[in-house]
Amino acid sequence: MVEMSGARAFVESLERQKAEIIFGVSGGAILPICDELWNSDLRFIMARHEQGAAHMADGFARASGRVGVCLATSGPGATNLVTGIATANIDSSPVVAFTGQVPLNMIGTDAFQEVDIIGVSASITKFNLQVRRPSEIPQAVKSAFYVASTGRHGCVLVDLPKDVQIAVEEIEFPEEVSFRGYNINLEPDGREMDWATTLLSNAKRPVIMAGGGVIASNASAELVKMAELLVAPVTTTLMGKGAMPCDHQLFAGQCGMHGTGEANLLVSEADVLLVVGARFSDRTTAKLEEFSPGAKVIHIDIDRSEVDKNIETVTRVIGDAKLALEGILSRMANTRFDTSRNGEWLKKLEKFRKQYAPPELSGNPHMRAPEVMRALRRALPREALVTTEVGQCQMWSALYFDAYAPRTFFSSGGLGTMGWGFPAAIGAKAARPDVPVVDIAGDGSFCMTENNLATCVEENLPVVVVVLNNRMLGMVAQWQRLFYGRRYFGVELGNSPDFVKLAEAYGAEGVRPETIDEFERAVRRAVKDDVTMVIDVQIDPEENVFPMVPPGKGLKDLLVEA
Amino acid sequence: MAQLSTIAFLVENKPGVLFKVSNLFRRRGYNIESISVGPVENPELSRMTVSVKADSRILNQIVDQLDKMVEVIKVKRLDPMRTVAREMALFKIDTSDPMAREESLRHVNNYHGLILNIDPDFLIAEVTGDPATIDEFIEKTSPIGIEEMSRTGVTALEKGRLKL
C-alpha cells in the first residue's frame with residue numbers, strides 16, 4: 001500500500017488496465033486528473049466537444065475490440081457525453097466514461113457545473129458509480145473495465161468528485177474484482193444446444209441471421225462454418241455487417257426495413273431461423289406479427305433478457321455466441337442430416353438475388369449513391385475500416401458497400417446517432433493507424449460533429465469523409481416524399497456550408513469530384529497520402545433508398561421503387 | 001393475462017440502488033403496485049419485495065432485467081402457493097361519534113388488529129395480513145371514516161426450505 005492522491009491512483013489504475021488512449025475534453029472538475037495525465041505516457045486525444053470524445057472511444061472500442069475510454073468534466077461536460085454513452089451502450093460497445101464532479105460537500109447544492117450524472121446516465125449505462133474516497137478509485141476503474149467488456153458489452157460511467165481526486169490516502173490496487181450480483185455465464189447449456197441441433201438438422205429452409213454479437217464474440221469463422229454445413233443463407237443485421245464476407249455465395253445481405261429482397265423474402269419463408277447475437281430490433285423485424293411467420297426460431301444470445309422480448313423462440317441458447325456455435329457444430333458432426341434438399345432453397349436465394357439486383361443506373365446527371373458506394377469499395381483495400389453516419393447514407397452503405405471481415409464496418413444501429421460516424425472514425429483510426437479509415441456521411445450528419453476535423457489534423461489521425469451531399473436530411477425527406485405528400489419540413493439544408501472550404505479551414509483537404517472516376521481517384525489519393533480529406537459528392541436530393549419496407553408492413557412487403 | 005405477482009430480490013445495500021431499481025421499472029413501463037425494502041441478516045444486503053400487475057411474458061422480462069443489474073444479487077418470482085405474503089397498514093379513524101368508535105374497535109378486533117393510539121376524537125389501528133385482507137378491512141371501515149392511512153407494501157418469504 002502506498003499513499004497517493006485520487007488523481008494519481010486514477011491514472012495508475014488506467015495504466016494497469018493497459019489503456020493507452022483517452023479521448024476527452026478537459027475542464028475545471030477534472031483539473032487534478034489532467035495534471036496527473038500531464039505527467040503520464042497515456043495519450044490524450046482532445047475532442048472539440050465531449051460528444052465527439054464519447055463517439056471516438058466507441059469507434060476505438062469497435063475497431064479494436066478493447067475498451068474505449070473517454071473523459072469529461074462535470075456538468076455540461078458530462079451531459080455532452082450523454083448521446084455518446086447511449087449510442088455505445090445500446091450497440092453493446094465496451095466504453096468507459098469518466099466524469100469530473102463537484103466536491104462531495106457541494107453535491108446537491110446546485111453548485112457551478114454540477115449535474116447529477118449518475119441519475120442522468122442510469123438508464124443508458126450498463127453500470128455506473130460515484131467514488132467517495134481515493135481508496136475506492138482502483139476498484140472502481142477495474143470494475144468499470146470489467147463490467148464494460150464482459151458478458152454483453154456496454155458502457156460504464158464513473159463519476160469522480162474533485163476533492164476525491166485531490167485527497168491523499170493509502171491506496172491498494174486490487175488484482176481482481178468481483179460482484180455478488182454480476183455473474184457472466186458464457187457456457188451455453190448442453191441440452192439447449194442439443195435441441196438447437198435437432199431443429200437445425202431437420203430444417204428444410206434454414207436461414208441464419210447474424211447480429212453484432214457474432215462480431216463481439218469473434219465468432220465469424222464459426223458462423224461461416226455453420227452456414228456452409230447447413231447450406232443456409234446468411235443475413236445480417238446492421239450491427240452484424242462484416243460477420244460474414246459480403247462476397248460469400250451464401251450471403252443474402254441485410255435484413256429489415258432496408259433489407260435486400262433476398263434477405264427479407266428468405267427470412268419470411270424460412271422454416272428454421274437461427275438468430276445469433278441479435279435482438280430483433282424493430283428495424284430488423286419490421287411488423288412483428290409477420291416476421292418469419294413459419295419459422296421455428298432458435299435464439300443464441302448472451303443476454304437472457306433479450307430472449308422472447310420481441311419474438312417468441314422455440315429454443316434459446318444462452319451464452320457466448322462463439323461457444324454456442326462451436327457446441328452446435330460439434331453436435332452436428334455427430335448427427336446425420338441431409339442438406340441435398342437445400343438445393344431448392346439455394347435456387348431461391350439465386351432467384352431473389354437476381355430479381356432484386358439493384359438496377360444499373362445511368363442517364364442521371366448526378367452521381368448515384370449506390371454507384372458511389374461501389375466505387376468506394378473498388379478504391380479501398382479490403383482491410384479498410386468504414387464508419388457511417390445515419391440516414392440514407394447509412395442504408396446505402398449497408399446495402400451497397402461490401403464488408404469482407406468483422407470489425408471493418410461500423411454504424412450507430414440502435415440509437416441512430418447522426419454525427420456518430422466521423423468521430424467514431426477518428427477513434428477507429430487511433431486504434432488502427434495502419435489501415436485507411438473512411439466515414440460515409442451525409443451532409444446533415446457530418447455537420448453535427450464536423451468540428452472534430454480539428455482533432456484529425458492536430459492529432460494526425462487522417463480520416464476520409466465521403467459526404468453524400470443532397471442538401472437534405474435525406475431519410476426524413478424520403479419519408480416526407482413517400483408518406484407525407486412531399487411536404488418537406490425541417491429537411492432542406494441549402495448550400496451551406498461549402499464542404500471543400502470547410503475542410504480547408506481546418507487544415508484538411510477538400511475536393512468536389514464531378515464524376516465517379518474523379519471520386520475514385522480522390523479516395524485512392526487520400527488513402528495513399530494518408531491525409532484527412534473531405535470529399536463532397538453531390539447527389540440527387542430526390543434519390544430514395546430502396547428496397548424499403550413501409551412502416552407497419554411486414555418484411556416481405558418491400559418496395560423497390562416509389 | 002395481467003395478474004398480481006410478487007418478485008423478491010436481494011440487492012447491494014448501497015446508496016442509489018433503490019433509485020436504479022425504480023428507474024428500471026419506470027424506464028421499461030412496468031407498473032409497481034407496491035415495493036418494500038429493508039436490510040437482511042447480512043448488513044451489506046437489502047431485500048426488496050415488489051408487487052406488480054403484469055402478464056407472464058412481462059413478468060419474465062422484469063425478472064431478467066432485474067437479474068441483469070450489477071447491484072441485484074438474486075431475484076425470484078415467488079410462487080403464491082408456496083409463499084407467505086404479508087402487509088401492514090396503519091389507519092387513523094375518526095371516532096368522535098361514540099357509535100363509530102365502537103364499530104371501528106369491533107372491526108379492528110375482527111381483523112386481529114392492534115389499537116396503537118387513542119385520542120378523544122381519533123384512534124390509530126394497525127392491521128396486518130395479506131394484501132387482500134387489508135383491502136377488505138379498508139372496504140369495511142371506509143363508511144365509518146378513515147381519516148388517513150399508510151400501507152407498507154407486501155413483504156414475503158417462501159415456505160419450508162425454499163429460499164431466495
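Just so it is clear: chains get the letters A, B, ... in the order the sequence lines come, proteins before strands, and each one is counted from 1. All values derive from a computational prediction rather than experimental measurement.
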Between B:Val75, B:Asp67, B:Asn23, which shows the greatest number of heavy-atom pairs under 4.5 Å with chain A? B:Asn23
I'd like to know whether NZ of B:Lys74 has more than 12 heavy-atom contacts from other residues, nucleotides or ligands below 6.0 angstrom. no
Side-chain contact, heavy-atom cut-off 4.5 Å: A:Glu312 with B:Arg57? yes
Portion of B:Gln61 that has a non-hydrogen atom of chain A nearer than 4.5 angstrom: side chain
Does B:Lys163 NZ have over 12 foreign heavy atoms under 6.0 Å away? no
Report, as yes or no, whether the 6.0 Å neighbourhood of atom CG on B:Asp119 holds more than 12 heavy atoms from other residues, nucleotides or ligands. yes
From A:Glu306 atom CD to B:Gln65 atom CD, the distance as rounded to the nearest 0.5 Å: 7.5 Å
Testing B:Leu45, B:Val70, B:Leu10, B:Val11 for side chain to side chain contact (heavy atoms under 4.5 Å, CB included) with A:Arg180, which one passes? B:Leu45
Under 4.5 Å from any heavy atom of chain A - which part of B:Asn60: neither
What's the spacing between A:Ser305 OG and B:Leu66 CG if we round to 0.5 Å? 10.5 Å
Tell me whether the count of non-hydrogen atoms from other residues, nucleotides or ligands lying under 6.0 Å of CD in A:Glu175 goes above 12. no
Is any side-chain heavy atom of A:Tyr182 less than 4.5 Å from a side-chain heavy atom of B:Met69? no
Are more than 12 heavy atoms from other residues, nucleotides or ligands located less than 6.0 Å from atom CZ of B:Arg47? yes
Looking at CZ of B:Arg27 and OG of A:Ser123, how far apart are the two atoms once the value is rounded to the nearest 0.5 Å? 6.0 Å
Taking the side chain as every heavy atom from C-beta outward, state whether A:Asn128 and B:Lys20 have any atom pair closer than 4.5 Å. yes
Interatomic distance, CD1@A:Ile318 vs CG@B:Asp64, rounded to 0.5 Å, equals 8.0 Å
Show the nearest heavy-atom pair for residues B:Phe19 and A:Ala122, with the distance to one decimal. CE2-CB, 3.6 Å
Within a 6.0 Å radius of atom CD on B:Gln3, are there more than 12 heavy atoms belonging to other residues, nucleotides or ligands? yes
Please evaluate residues A:Asp303 and B:Lys68 with respect to the criterion salt bridge (charged side-chain N to carboxylate O under 4.0 Å, His left out), reporting the C-alpha separation (whole Å), side-chain torsions for both, the decisive distance (0.1 Å), and the verdict. CA-CA 8 Å; A:Asp303 182 354; B:Lys68 231 164 92 167; 2.6 Å; yes
